[in-house]
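Structure record follows, encoded as structure tokens.
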Amino acid sequence: MAAPKVKKGTTQPSSEKMSTTVLFYSILLTLQYGAQPLISKRFIRREVIVTTMVLTCEVAKVICAVILMAKEGTLKKVFKEWTLIESLTASGLPAAIYALQNSLLQISYKNLDSLTFSMLNQTKIFFTALFTYIVLRQKQSMQQIGALFLLIMAAVLLSIGEGSSKGSSSSNPDQILFYGIVPVLVASVLSGLASALCQWASQVKKHSSYLMTVEMSIVGSLCLLGSTLKSPDGEAIKQHGFFYAWTPLTPIPVLANALGGILVGLVTSHAGGVRKGFVIVSALLVTALLQFMFEGKSPSLYCLVAFPLVISSISIYQKYPYRVKKKEL
């Protein structure tokens, strides 16, 4: 028997609207990720203290998220229902995991050549899919699993051209293993776990993505401020001032990065961490295209080979979603 017309009319437009929203956010994030390296290179001087940019970016994310919540009319309700326990569960844990992940990546990058680092770092796509299944029981079809491996292959190829230019700073095998390979693999596992937890908080606990952005930015800023007490950046800020070497154009890449942070939350909330991985790899192609357009740098052979892999992986992943079998119903 055919389903009632009312049901079709109420669910299908909603589903189509959601798909359009996800596509819109994904395209914006792809463009932002792709353009960010060029914008940063053009508008940020080498002398700028990195910590000052990160902290300013986190503040900008908080301000943008609060403005967007106010525009939606949800600001008063969100903060009225806010509790510390729920905040720590939804945002505090992922923020702490991301902070640890970033520290591990810094350790690893100093002890691995860029090619090995980039290749191992792409395993976070696999771990995101794994933890999405463990935390959310979100299964992948065989075709989608194949698409994920195609995406990882593309990500590795896109990293090779850039990564092969830097050699390893260490020749000690034990140091490479324990301070290079192990940290980057642990960081990939943590990245997948944090992404799945963020998706769980937004999709299951219905935690606002804007509120999560605010909470994670505050936690991340506090962790960063704590680390500056004994870091070279902290000493540089004391000696030269917070906005040392900034120009009137420096806020442009900082604000663009803040916009990217907001979009990451929206894409994760609406589409999940796995699809965010597709966006990030696609952005590498956008970077290559923009470099060709504005800097005259031709795409490498690796980039040309990776392009059809990315397109194929996205097409396969979208076309063959996991379908629940009758026995599982």
Side-chain angles (χ1 to χ4, degrees), residues 3 8 11-31 33-34 118-160 185 188-200 202-204 263-264 266-289 301-329:
K8 283 186 179 179
T11 59
Q12 194 172 348
S14 175
S15 176
E16 287 178 359
K17 185 178 179 182
M18 180 62 71
S19 298
T20 304
T21 302
V22 169
L23 180 62
F24 176 68
Y25 290 149
S26 298
I27 290 173
L28 282 182
L29 183 57
T30 302
L31 293 174
Y33 261 50
S118 298
M119 290 174 68
L120 292 175
N121 194 34
Q122 303 312 324
T123 58
K124 62 188 176 185
I125 298 170
F126 167 76
F127 288 114
T128 299
L130 177 63
F131 281 108
T132 300
Y133 171 71
I134 293 172
V135 175
L136 295 165
R137 311 306 295 177
Q138 185 176 315
K139 299 180 180 180
Q140 312 286 334
S141 67
M142 290 303 295
Q143 292 92 336
Q144 287 182 319
I145 293 172
L148 287 174
F149 279 104
L150 281 178
L151 186 70
I152 292 172
M153 286 172 59
V156 169
L157 285 170
L158 288 165
S159 303
I160 285 176
L185 287 176
S188 292
V189 173
L190 292 176
S191 175
L193 175 59
S195 184
L197 289 174
C198 288
Q199 188 176 341
W200 169 80
S202 60
Q203 294 183 354
V204 178
L263 289 170
V264 164
L266 290 170
V267 170
T268 303
S269 174
H270 288 89
V274 175
R275 291 179 190 270
K276 185 186 75 175
F278 281 87
V279 168
I280 292 170
V281 176
S282 300
L284 297 175
L285 294 173
V286 173
T287 301
L289 177 62
L301 177 62
Y302 298 110
C303 181
L304 297 175
V305 173
F307 180 73
L309 290 178
V310 173
I311 300 301
S312 299
S313 64
I314 293 173
S315 176
I316 293 169
Y317 195 89
Q318 295 279 58
K319 191 175 180 180
Y320 300 101
Y322 180 80
R323 301 191 185 281
V324 181
K325 297 176 183 177
K326 290 183 179 181
K327 289 182 180 180
E328 298 179 30
L329 293 172

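One-based numbering along the sequence shown. Because the structure is a prediction, the values reported are computed rather than measured.
Side-chain contact between Phe131 and Val189: present, with at least one pair of heavy atoms (C-beta onward) separated by less than 4.5 Å. The shortest distance between side-chain heavy atoms of Phe24 and Thr21 does not fall below 4.5 Å. Annotation: side chain of Leu148 is in contact with side chain of Phe278 (closest heavy-atom distance under 4.5 Å). Residues Leu266 and Leu28 form no side-chain contact, since every pair of their non-hydrogen atoms from C-beta on lies 4.5 Å or further apart.
The two atoms that bring Thr132 and Ala196 nearest to each other are N-CB, 3.9 Å, heavy atoms only. For the residue pair Ser269 and Gln203, the shortest heavy atom distance occurs at O-NE2, 3.0 Å. Across every non-hydrogen atom of Tyr33 and Ala283, the tightest pair is CB-CB, 3.3 Å. Nearest heavy atoms, Val281 versus Ala154: CG1-CB, 4.5 Å. Of all non-hydrogen atoms in Ala306 and Leu157, the two that sit nearest each other are CB-CB, 4.1 Å. Closest approach of Gln144 to Tyr320, counting heavy atoms only: CG-O, 3.2 Å.
Not one N or O on the side chain of Ser195 forms a donor-acceptor pair closer than 3.5 Å with the backbone of Thr128. Although no hydrogens or angles enter the test, the distance criterion places no donor-acceptor pair under 3.5 Å between the side chain of Ser315 and the main chain of Ile311. Gln199 contributes no side-chain N or O that, together with a main-chain N or O of Thr268, makes up a donor-acceptor pair within less than 3.5 Å.
Tyr25 is linked by a ring pair (Phe, Tyr, Trp, His ring centres under 6.0 Å) to His270, counting only residues two or more places apart in sequence or in another chain.
Side chain to side chain, Thr123 and Ser188 meet the donor-acceptor criterion of an N or O pair below 3.5 Å. For Tyr317 and Gln140, the side-chain atoms include at least one donor-acceptor pair closer than 3.5 Å.
To the nearest 0.5 Å, the span separating CD1 on Ile314 from CZ on Arg275 amounts to 10.5 Å.
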